[in-house]
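What follows is one structure encoded as structure tokens, with my remarks underneath.
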Amino acid sequence: MPADRELHLGLMFWATGTHQAGWRHPDASADAAYDIELIQEVCRTAERAKFDFAFLGDRLACDPALQHSNPAQISRLEPFATAAAIAAATTHIGVVVTANPTYSDPFGVARNLASLDHISGGRAAWNLVTGADAAAALNYSRDQHWDTQKRYDWAEETLEIARALWDSGDQPINHRSEYFSIDGPLGLPRPPQGHVVLLNAGTSDQARELGARQADMVFAGPQPTLAKRKEYYADIKARAAKYGREDHVTVMPGLTPIVAPTTEEAVALHDQLNSLIVLDPEVEVGEVVRAGGIGEGFKRNLVSASEAFGVNLRGNDLNAVVPAETLARVSEDGRRRLAEITRLTRRTADGPERITYADLVHATPQQLSHVVVGNPEEIADEIQLWLEERMADGFNIYPAYVPGSVTAFTELVVPVLQRRGLFRKDYRGRTLRDHLGLAVPAVR
Amino acid sequence: MRSGAYSSSATIVGYHLSGMDLTGPSSELVATACAVEKAGADYLVLPDRTAAMPDGASPPTALIAGAFLAAHTSEIGIVVTAATGYHEPYSLARQIASLDHISAGRVGWFADSATDAASDANHRREGHDPAAAPETRALEFVPLVRDLWDSWEDDAFVHEKDTGRFVDPAKIHVVDHVGTALAVRGPLNVIRPPQGHPVVFARAADTSVAHHADVLVSDVPQQGHVLAVEPFVAADEAAARELHAAAGSPAGGDVLVGTPEQVAAQLRARHVLVRFTTRAQLVAFTTHVLPLLDKSAPTGATLRERLGLPAVANRFAPTQDKELIGNAR
């Protein structure tokens with residue numbers, strides 16, 4: 001039975017794929033980060049599938065040391081320029097750009113977003129991030145990175161100024177505060193959407209509160225349990241209710257679908273992608289690797305896996321099956337990881353298909369988003385479950401590699417979602433607000 | 001101005017859209033750009049405003065309009081204006097570099113160090129007052145942007161599927177600029193642009209940035225400079241004079257008044273940047289004057305090649321021609 005509300009879908013565009021080794025898949029475009037025609041084509045594919053938006057992430061620093069753990073974080077085309085080129089190649093799909101107020105000025109970011117909304121005919125959205133990233137501070141003439149509270153205060157005030165500028169018409173806003181002195185007006189006509197759609201991510205108290213009070217869409221990193229997913233959803237809606245916004249905020253967690261016509265093929269694809277990850281040599285105990293944007297992560301080797309599972313796994317052949325007695329001794333957290341391995345690979349400690357040491361290594365680092373492996377009906381089941389159990393209103397779809405994972409999802413899964421009455425078969429309007437069912441806000 | 005002589009002999013014609021109303025639907029801007037491209041103009045300069053126009057709406061951000069136009073065109077150069085006083089060098093360097101990738105090497109940056117009270121009043125924040133020492137910031141700004149463009153060597157982005165090597169860290173360099181106004185570590189988070197350095201334009205009179213530009217624009221004829229011209233074209237000379245009189249305050253540059261043949265004959269430079277005050281004048285010039293000029297087919301696909309400018313060596317590449325690097329600094 002279909003859920004009582006409409007599903008929303010966004011495309012999280014990472015040119016490397018969101019899988020760490022996605023770019024190495026034989027069908028992947030390894031240089032997609034700089035191939036604008038491919039980026040445009042991927043967005044047209046999502047548009048044909050009636051996605052709400054394409055999402056462009058960002059980071060204001062370059063760290064080549066991330067090349068095996070998180071290659072997407074090293075470099076990319078700048079989001080505003082890319083978004084304008086995507087807008088030129090599409091007609092309906094929304095385009096989300098990431099902009100960090102800590103390193104931009106309110107007038108500039110308001111003007112860029114208004115310009116993008118005009119040029120795209122009302123399809124712009126702003127992923128407001130506050131980025132705890134000391135490396136970015138060094139690129140912006142700052143000698144220190146601000147603490148969380150200052151970044152959030154600055155970000156929320158930037159948002160307030162941007163909305164005032166979008167509403168400013170020919171009248172100055174004369175905003176004065178401890179941080180800013182901004183006269184305005186913006187000088188651009190009011191954007192077609194009035195205020196561009198606002199996204200915000202995070203699980204901290206500040207992030208949840210900002211999202212509930214201000215955002216049109218919120219998302220968060222993967223929650224490990226069903227209970228925590230429900231708690232996050234309920235908490236956002238409860239906080240939003242305080243501001244009369246519970247129907248206004250769409251909760252959009254990330255989802256990495258590894259899909260193929262059959263379950264066996266999907267599991268094989270998942271295994272193939274993991275086999276392409278460059279593992280770290282076994283060195284010092286407890287050594288961590290920078291993962292970029294997702295904080296510190298474990299290294300990919302049996303030293304880290306030993307820590308994560310609470311048993312000594314070192315020195316074993318990665319392709320060998322792990323003895324059942326070893327798996328019986330893992331820690332409580334290790335048991336949770338084993339269940340996750342079985343969910344993804346269908347392999348167990350004692351079944352016909354057995355867990356390998358490589359599986360333990362791949363289950364060690366934190367995942368970027370919830371991964372689901374299966375045939376189209378299985379993927380659709382998972383999406384429907386999240387929707388009906390109130391864990392999500394929609395998903396940011398994380399394609400493991402591009403363009404293959406995008407076409408696989410749009411060709412195999414979207415028709416199932418449409419057949420079940422969960423997802424739209426056509427757009428109702430031309431703006432992103434139309435897709436989300438949000439009215440243009442009144443001038444304040 | 002940086003070293004390098006123009007090697008092409010044909011007339012080079014850029015269009016400066018500063019005086020035109022660009023506030024209409026984006027489809028109008030696209031139609032203009034496509035028509036001008038087809039007619040053989042070499043590049044467009046998109047103006048930018050960091051404060052509301054006194055008498056009406058401002059155009060969209062040049063960087064965004066430029067990316068939109070890049071996606072709709074295939075040959076014409078696209079030069080975006082951006083002021084050093086109201087941008088961050090790291091952000092601007094990556095935006096221009098990204099535009100260069102999106103356009104396959106057709107992009108230029110019109111650097112402008114000018115500040116004005118209305119724009120200053122829109123950009124004051126803790127730690128930055130644009131009215132305080134804008135010249136110091138501008139002097140550091142363009143060389144720093146060029147260094148950021150060089151922070152990846154041309155072959156640093158290897159993306160080798162068989163070995164799993166995505167980048168070559170040895171060919172990605174920090175810039176470590178610590179100046180009076182700006183401090184930027186780098187590296188840039190965009191690979192080196194197709195042109196190496198997108199073409200940097202500046203007004204010759206804009207002394208804080210002119211020294212580091214590739215192309216200088218003057219309002220009077222000057223050897224090696226681009227001449228700004230403002231045409232008033234009509235079928236007969238009297239009508240052209242009326243247009244000129246009606247224009248009121250001219251945009252600046254060499255004013256050319258007359259029939260298409262007279263205006264074509266009056267061009268006093270081989271590389272002109274034409275400023276238009278109305279869409280009608282842009283259409284008249286494009287339709288009637290451009291075909292009269294010696295416009296041979298462009299010699300290269302990139303704007304740098306089209307303008308006959310030399311390639312720029314990467315300052316961080318170990319085995320490049322040191323003399324070239326010396327000239328470029």
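Naming convention: chains lettered A, B, ... in sequence-line order (proteins, then strands); numbering from 1 in each chain.
With a 4.5 angstrom heavy-atom cutoff, B/Ala181 touches chain A only via backbone atoms. Neither the backbone nor the side chain of B/Asp129 comes within contact range of chain A, judged by heavy atoms closer than 4.5 Å. Heavy-atom distances place both the backbone and the side chain of A/Ala81 under 4.5 Å from chain B. For A/Asp170, no part lies near chain B; criterion is any non-hydrogen pair under 4.5 Å. Both the backbone and the side chain of A/Ile182 come within less than 4.5 Å of a heavy atom of chain B. Using a 4.5 Å cut-off between heavy atoms, A/Ala135 does not touch chain B at all. Looking at A/Gln40, the atoms closer than 4.5 Å to chain B (heavy atoms on both sides) all sit in the side chain, from C-beta outward. If you measure heavy-atom distances from B/Pro59 to chain A, the contacts under 4.5 Å come from the backbone alone. Heavy atoms closer than 4.5 Å to chain B are found in the side chain of A/His68, but not in its backbone. Of the atoms belonging to B/Thr50, heavy atoms from both backbone and side chain fall under 4.5 Å from chain A. Contacts of B/Ala51 with chain A are made by backbone atoms alone, with heavy-atom separations under 4.5 Å and no side-chain atom involved. Contacts between A/Ile173 and chain B at a heavy-atom distance below 4.5 Å are absent for every atom of the residue. Neither the backbone nor the side chain of A/Ser120 comes within less than 4.5 Å of any heavy atom in chain B. Using a 4.5 Å cut-off between heavy atoms, B/Ile191 contacts chain A through both its backbone and its side chain.
Atom-to-atom distance recorded for B/Ile102:CD1 and A/Glu78:CD is 8.0 Å, nearest 0.5 angstrom. Rounded to the nearest 0.5 angstrom, B/His177 NE2 and A/Leu138 CG are separated by 13.5 Å. Atom CG of A/Leu186 and atom OG of B/Ser58 lie 7.5 Å apart (nearest 0.5 Å). In this structure, A/Asp105 CG and B/Asn122 CG are separated by 9.0 Å, a value rounded to the nearest 0.5 Å. Between A/Trp154 atom CH2 and B/Arg125 atom CZ the span is 6.5 Å, to the nearest 0.5 Å.
Ion pair A/Arg142/B/Glu88 not flagged as a salt bridge, since none of the NZ, NE, NH1 or NH2 atoms sits closer than 4.0 Å to an Asp/Glu carboxylate oxygen.
Residues passing the salt bridge (charged side-chain N to carboxylate O under 4.0 Å, His left out) test with B/Glu160, sequence neighbours excluded: B/Arg165.
Taking every heavy atom of both residues into account, A/Gln67 and B/Val167 meet most closely at OE1-N, 2.9 Å. Smallest separation of non-hydrogen atoms from A/Gly187 and B/Ala52: CA-CB, 3.5 Å. Scanning both residues, A/Cys62 and B/Leu188, for their nearest heavy atoms gives CB-O, 3.5 Å. Across every non-hydrogen atom of A/Asn139 and B/Arg185, the tightest pair is OD1-N, 3.5 Å. Between B/Ser91 and A/Tyr140, the shortest heavy-atom distance links the atoms OG-OH, 2.7 Å. Nearest heavy-atom pair, A/Ala84 versus B/Ile64, reported as atom, atom and distance to 0.1 Å: CB-O, 3.5 Å.
Taking the six-membered ring where the residue is Trp, A/Trp23 and B/Phe166 present tilted rings, their angle falling between 30° and 60°.
The candidate from A/Asp58, A/Ile277, A/Asp35, A/Ile161 with the greatest count of non-hydrogen atom pairs under 4.5 Å with chain B is A/Asp58. The candidate from A/His118, A/His25, A/Arg111 with the greatest count of non-hydrogen atom pairs under 4.5 Å with chain B is A/Arg111. Annotation: maximal heavy-atom pairing with chain B below 4.5 Å, among A/Ala88, A/Pro64, A/Ala87, occurs at A/Ala88. Ranked by heavy-atom pairs shorter than 4.5 Å toward chain B, the options A/Arg24, A/His175, A/Glu178, A/Arg76 are led by A/Arg24. Contact count against chain B (heavy-atom pairs under 4.5 Å) is highest for A/Ala28 among A/Ala28, A/Gly121, A/Ser168. No other option in A/Leu188, A/Thr82, A/Leu165 has as many heavy-atom pairs under 4.5 Å with chain B as A/Leu188. Ranked by heavy-atom pairs under 4.5 Å with chain A, the list B/Pro60, B/Pro89, B/Ser98 is led by B/Ser98.
A ring-centre distance under 6.0 Å is found for A/Tyr34 and B/Phe157.
Using modelled atom types, no side-chain atom of A/Ser75 and backbone atom of B/Val190 make a donor-acceptor pair closer than 3.5 Å. Counting only distance, with no hydrogens or angles, the side chain of A/Ser115 and the backbone of B/Thr61 share a donor-acceptor pair below 3.5 Å. Although no hydrogens or angles enter the test, the distance criterion places no donor-acceptor pair under 3.5 Å between the side chain of A/Ser141 and the main chain of B/Leu182. Remark: side-chain polar atoms of B/Lys161 are paired, donor with acceptor, to backbone N or O of A/Pro26 under 3.5 angstrom. The main-chain N or O of A/Arg59 is found under 3.5 Å from a side-chain atom of B/Asn189 such that the two form a donor-acceptor pair.
The neighbour count for B/Glu28 CD, taken as heavy atoms of other residues, nucleotides or ligands under 6.0 Å away, is above 12. Open room surrounds NZ on B/Lys38; 12 or fewer heavy atoms of other groups in view lie less than 6.0 Å from it.
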